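To start, the structure under review is shown below, and the notes come after it.
Values below: every heavy atom of this structure, side chains too, minus hydrogens, waters and symmetry copies. All values derive from a computational prediction rather than experimental measurement. Numbers restart at 1 for each chain; the letters A, B, ... are given by sequence-line order, proteins then strands.
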Amino acid sequence: MDKIQSFYPVVSNQKLSPCFYRLCFDAPQIVKTVQPGQFVHIRVHDGLEPFFRRPFSVYRAQKHVEIFYEAIGPGTEILTKKKKGDLLDVLGPLGTPFRLPSEDVEDVVMIAGGIGVAPFLILSDVLKARKCRLILLYGGRTAGHVYDMKEFKKNGCQIHVATDDGSIGVKGRVSKLFSKIPCNPETTMIYTCGPHAMMAAVQDFARQKRMSGQAACEEVMACALGACLGCSVKTTSGYQTCCYDGPAFELGEVIF
Amino acid sequence: MNLSVKIGNATFANPVTVASGTFGHAEKYYNLEEVKKLGALVPKTVTRHAQTGNPPARIIETASGMLNAIGIENPGIDGFMAQKLPSLQKIGVPLMVSILGHTDDEFVQIVEKLNGQSGIAALELNLSCPNLGHKVLVAQDPQAISRLVKRIKRVAKFPIVTKLSPNVTDISEMALAAQDAGADAVSLVNTFTAMVIDIEKRRSVLGNVTGGLSGPAIRPIAVQMVYRVARRVKIPVVGMGGIMTAKDALEFLIAGATMVAVGTANFVNPRAPLDVLEGIKEYMKKYKMKDIKEVIGSIHL
Ligand SMILES: Cc1cc2nc3c(=O)[nH]c(=O)nc-3n(C[C@H](O)[C@H](O)[C@H](O)COP(=O)(O)OP(=O)(O)OC[C@H]3O[C@@H](n4cnc5c(N)ncnc54)[C@H](O)[C@@H]3O)c2cc1C
Ligand SMILES: Cc1cc2nc3c(=O)[nH]c(=O)nc-3n(C[C@H](O)[C@H](O)[C@H](O)COP(=O)(O)O)c2cc1C
Ligand code: FES
């Protein structure tokens, strides 16, 4: 019944590090239309447990659609077993994409925690053609959780890393890296995705410096089509759906 | 093959519809040619005034199902008529508009606003509302059901479908109360009150503490309730609760349901209502049936 539901063949499903995977599937329709910040909703199996589909940001959409995921539970565990040629039941592309920077913006700062880096590769793919500087501030638990910086480097991003254990980059939270942010309200735009506490810290910082930005939110989703009203995000204009009104929201409007 | 069914004076091209609260944004995401194949559409319950809904978390998955505590977030009847009804009317499938008042007066006010609107085939009364002055919900008190249905029947220009809650001792008593008060049909079941606890935080997962269980986990109980109700009342029954496939829907029809609604399954498989419709047709072909009435209530005892 849905014009955005299709079955797409898996092209590859690679383990990149002890916890991260990258899955590519052949979905020309999605490649054509997807915008940075949008996501796909995948039915990982036909069984009843886990019951819901699982949402994943589109990580890249060039030849194929790529998702970058962390195996953390039953749904993503099943996803790790997908092989080349398997058909994936996908809804997408879904959701409101990021607002892209205006032409005046000179510095785009992407601030990610853990798997929250996923929507930023496609964002940097789109923005690298512009003259603006791309800066990625990335916080992870350990060196093993910091991936895949190579692709961001190729897109010309300046990368600054913080890890909880200091195994790579600065030791501590991503907020330790805020000093790297060029703070000009007219020419800097911030994008953030990660745990609530991290995005709240980014929001505080942006507010102090009067900078605008976008936050990509994450909530448990059932339909991902704006139908069930189950994925509410609290905002300054009331509850909004993460899947339909978001995942990208104005940074200043989310109440973390 | 005749698939058409009737509720009161309303005719539906086939018995398959969607359950309230599980279908939305048709114009953006759905192929409307396919939606047009359904027998009816039931939008999210609408109340007299806008409601913001419950604090998150509002949903959680469970074994073969889910809990929800949305809190009937909706724009209120005026917002619904301005923002949602026009696009639903445009689809062209008969609408069964689900309504809830926090008082009998509110119910009547909503009905009066909807009277005269085109495209509406029936009204579904969501009785999971407070029963003023009593501890239980209207859906749990046969006298309150009777009083409300009688009052609405006096003003409504449309057939009335009374939606029953399974959180009662004997759901057929509630169905009889609705029938005797003049309801044109009953629909069942709404969700089962339920709870999931986060053992690390020792808190209920849902912001509202309790929620309603739906999905395949409740299906056998729902089939039994539809069976029991269909044997006691003469008015049509709309059956729902965990329908994922045509086989599931056929269980409800054979148990005595005149129509079936697909709810939670929409979240997992947005094609589910159409798959159900196609599967019912195949089943009738297989058994050389010409009319859906040969399926409805055909259980051998
Ligand atoms: C818009 C959006 C984009 C996302 N993008 C990515 C991504 O690019 N890469 C990635 O690895 N993860 C992403 N996630 C998170 C991913 O959906 C969850 O990690 C996944 O659903 C976990 O499933 P599981 O069965 O493996 O683990 P579970 O044990 O089921 O859950 C582990 C955690 O994931 C959360 N979760 C569970 N089910 C859902 C659901 N249906 N929707 C949202 N969160 C859920 C739970 O709250 C829990 O904290 C995204 C989530 C959203 C909402
Ligand atoms: C997320 C969600 C929202 C719902 N909202 C409503 C509602 O607004 N009004 C209503 O009468 N029923 C509502 N229901 C109940 C369904 O219409 C249906 O009665 C119930 O879920 C059982 O069917 P199912 O197992 O097929 O979902 C809702 C159910 C879910 C899962
Ligand atoms: S997941 Fe259903 S509205 Fe967002």
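- A donor-acceptor pair is defined here as one N or O able to donate and one able to accept, closer than 3.5 Å; such a pair exists between the side chain of Glu61(B) and the backbone of Phe52(A).
- Nearest heavy-atom pair across Asn54(B) and Tyr239(A) is O-CE1, 3.7 Å.
- Between Phe267(B) and Cys228(A) the shortest heavy-atom distance is CZ-CB, 3.4 Å.
- Crowding of Lys83(A) atom NZ: a count of heavy atoms from other residues, nucleotides or ligands under 6.0 Å not exceeding 12.
- For the residue pair Ile59(B) and Met221(A), the shortest heavy atom distance occurs at CD1-C, 3.9 Å.
- Of the atoms belonging to Thr22(B), it is backbone heavy atoms, and not side-chain ones, that fall under 4.5 Å from chain A.
- A heavy-atom distance below 4.5 Å is not found between the side chains of Phe51(A) and Thr62(B).
- Between Tyr30(B) and Leu225(A) the shortest heavy-atom distance is OH-CD1, 3.8 Å.
- Side-chain atoms of Arg58(B) come within 3.5 Å of backbone atoms of Leu229(A) as a donor-acceptor pair (strictly under, hydrogens ignored).
- By the 6.0 Å contact criterion, NZ on Lys82(A) is enclosed, its count of non-hydrogen atoms from other residues, nucleotides or ligands being greater than 12.
- Contact record, Ile70(B) with Gly230(A): CD1-CA, 3.8 Å, taken as the closest heavy-atom pair.
- Contacts with chain B were tallied for Lys234(A), Glu219(A), Arg54(A); Arg54(A) has the most, counting heavy-atom pairs under 4.5 Å.
- For CZ of Arg99(A), the number of neighbouring non-hydrogen atoms (other residues, nucleotides, ligands) closer than 6.0 Å is greater than 12.
- You'll find the side chain of Leu91(A) stays beyond 4.5 Å of the side chain of Tyr29(B), heavy atoms only.
- The shortest non-hydrogen separation linking Pro56(B) to Ser232(A) is CG-O, 3.8 Å.
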